[in-house]
Each structure stands twice: as structure tokens, then as C-alpha cells.
Amino acid sequence: MWEIAFYGIVAPIATLLFSLLVTIKFKRYFIVPIILFIGLNILTIILPMVQNVGWQALFGWATFYTIVSLVISLIVWFIRKK
């Protein structure tokens with residue numbers, strides 16, 4: 001049951017903080033969504049092997065947080081561009 005808390009509380013906060021920190025400080029706009037997608041999908045592969053959890057929901061959350069990170073990166077990029 002800890003995966004629900006992870007994808008509901010920890011992942012969104014980490015997505016927001018990591019996206020803002022890396023895009024503002026290091027000006028790496030597209031590396032954070034790629035790292036998030038790969039990192040969360042590693043959990044999507046490992047968790048169903050350890051616990052009785054379906055991979056479809058985990059993949060959906062990983063995709064959603066990747067899109068959120070991409071939107072944040074694009075917004076920061078457009079603001080810095082002006």
C-alpha cells in the first residue's frame with residue numbers, strides 16, 4: 001500500500017521541486033522529464049514483481065507526472081525566453 005502514498009504524495013512534490021530546480025538553476029529544460037519518465041517506469045517494472053499491483057496504473061501516473069514536468073519546463077523556458 002505504500003505505492004499509493006508514493007504516487008499520491010511524494011511523486012508530485014518531487015516532480016514540482018525537481019522540475020523547477022533543474023530548469024531554473026541548470027537551464028536543462030528537457031532532461032528532467034526524461035529522467036522522471038525513466039525513473040518512475042523503473043518502479044513500474046519492479047513493483048508488480050514485488051507486490052500485487054497492476055502496472056497500467058503505475059505507467060499512467062508516470063506518464064502524467066512526465067507531462068506535468070514537461071509543461072513546467074516549457075513554461076520556465078518561455079518565461080526566460082522573453
Do other residues, nucleotides or ligands put more than 12 heavy atoms under 6.0 Å from the CD1 atom of I9? no
What is the distance from atom CZ of F64 to atom OG1 of T15, rounded to the nearest 0.5 Å? 9.0 Å
Step-by-step side chain to side chain contact (heavy atoms under 4.5 Å, CB included) determination, Y65 to L16: CA-CA 9 Å; Y65 291 136; L16 290 173; over 6 Å; no
Residue that, paired with S19, satisfies side-chain contact (heavy atoms from CB on, under 4.5 Å) out of V71, V68, V76, I72: I72
Other than V50, what residues sit in its cluster of Ile, Leu, Val, Met, Phe, Trp and Tyr side chains whose heavy atoms are under 4.5 Å apart, directly or through others? I34, I38, I42, I46
The criterion is ring-ring contact (aromatic ring centres under 6.0 Å, His included); which residues satisfy it with F37, sequence neighbours excluded? none
Take a 6.0 Å sphere around CZ of R80 and say whether it holds more than 12 heavy atoms from other residues, nucleotides or ligands. yes
Side chain to side chain, L40 and F6, heavy atoms closer than 4.5 Å: yes
Looking only at non-hydrogen atoms, find the nearest pair between L58 and L43 and report the distance. CD1-O, 4.4 Å
When clusters are formed by joining ILVMFWY residues with side-chain heavy atoms under 4.5 Å apart, either directly or through shared neighbours, do I13 and W61 land in the same one? no
T44 versus W55, closest heavy-atom pair with distance: CG2-O, 3.6 Å
Any chance you could measure I31, atom CD1, to L36, atom CG, to the nearest 0.5 Å? 11.0 Å
Distance (rounded to the nearest 0.5 Å) between Y29 OH and K81 NZ: 10.5 Å
What distance separates L21 CG from F26 CZ, expressed to the nearest 0.5 Å? 6.5 Å
Can V10 be reached from F59 by stepping across I, L, V, M, F, W or Y side chains whose heavy atoms are under 4.5 Å apart? no
By side-chain contact (heavy atoms from CB on, under 4.5 Å) - contacts of L70 (at least two apart): F30, P33, L74
